[in-house]
Amino acid sequence: MPKIRPVSDLRNYASVLMEVHENEPVYLTKNGRGAYAIVDIAEQENYEKTKAALKLMCELEKGRLSGEQNGWLSEEDVEKHLKEKFND
């Protein structure tokens, strides 16, 4: 069951923070609508890693599609491109 508290409960933030555990965020409402979430730091770090992995997977998929549509580069062409890019 999600823990939902009004944002005004942050006046006594210690009691709100005691409710936060890994995989058990506390959701804060403002004017009866969801506004914020307080999460355990380990859960936040896991979220950031997942987000980075998803971004990498999307970039890899773009590269794969580009290779299939425009043709693949040889190893020599890649090395030449990188040398030109990083020597400037």
Side-chain angles (χ1 to χ4, degrees):
M1 183 89 165
K3 298 173 187 173
I4 302 172
R5 305 275 300 263
V7 74
S8 61
D9 280 4
L10 285 180
R11 289 184 190 118
N12 184 11
Y13 64 89
S15 68
V16 175
L17 294 180
M18 300 247 333
E19 294 182 35
V20 178
H21 302 287
E22 191 170 353
N23 298 317
E24 294 180 28
V26 173
Y27 299 99
L28 301 174
T29 61
K30 188 173 183 179
N31 298 323
R33 295 178 179 257
Y36 308 100
I38 302 175
V39 298
D40 180 80
I41 195 70
E43 189 173 350
Q44 177 63 26
E45 289 171 350
N46 188 35
Y47 168 76
E48 292 296 329
K49 288 177 186 176
T50 302
K51 191 169 82 169
L54 181 59
K55 184 176 179 179
L56 177 60
M57 295 292 282
C58 288
E59 291 300 315
L60 289 170
E61 179 65 9
K62 284 184 199 175
R64 186 188 67 78
L65 289 174
S66 175
E68 289 177 356
Q69 294 170 356
N70 303 324
W72 298 96
L73 296 176
S74 68
E75 182 179 345
E76 293 81 22
D77 289 339
V78 172
E79 286 179 6
K80 180 181 173 186
H81 171 75
L82 291 174
K83 285 179 183 176
E84 288 173 359
K85 183 175 183 173
F86 290 109
N87 286 332
D88 288 341

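Residues take their numbers from the sequence shown, with the count starting at 1.
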**Student:** Can you name the salt bridge (charged side-chain N to carboxylate O under 4.0 Å, His left out) partners of Glu75, sequence neighbours left out?
**Tutor:**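 Once residues adjacent in sequence are excluded, Glu75 has no partner under the salt bridge (charged side-chain N to carboxylate O under 4.0 Å, His left out) criterion.
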**Student:** Do the non-hydrogen side-chain atoms of Glu68 and Leu65 ever get within less than 4.5 Å of each other?
**Tutor:**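 Yes, their side chains come closer than 4.5 Å.
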**Student:** Counting only pairs under 3.5 Å, give me each side-chain donor-acceptor contact of residues 31-51, with atom names and distances, residues two or more places apart or in other chains.
**Tutor:**
from, atom 1, to, atom 2, distance (Å)
Asp40, OD2, Ala42, N, 3.0
Glu43, OE1, Asn23, N, 3.0
Gln44, NE2, Glu48, OE2, 2.9
Thr50, OG1, Asn46, O, 2.9

**Student:** Would you say Leu17 ends up clustered with Leu10 if hydrophobic residues are merged whenever their side chains have heavy atoms under 4.5 Å apart, either directly or through other cluster members?
**Tutor:**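 Linked, Leu10 and Leu17 end up in one cluster.
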**Student:** Do the side chains of Val16 and Val7 join up, straight or via other hydrophobic residues, at under 4.5 Å, putting them in one cluster?
**Tutor:**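 Linked, Val16 and Val7 end up in one cluster.
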**Student:** How many angstroms lie between atom CG of Asp9 and atom CD1 of Ile4, to the nearest 0.5 angstrom?
**Tutor:**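 Asp9 atom CG to Ile4 atom CD1 measures 12.5 Å (nearest 0.5 Å).
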**Student:** Checking one residue: Met57. Which other hydrophobic residues are in its cluster under the side-chain 4.5 Å linking rule?
**Tutor:**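 Taking Ile, Leu, Val, Met, Phe, Trp and Tyr as members, Met57 stands alone, with no cluster partners.
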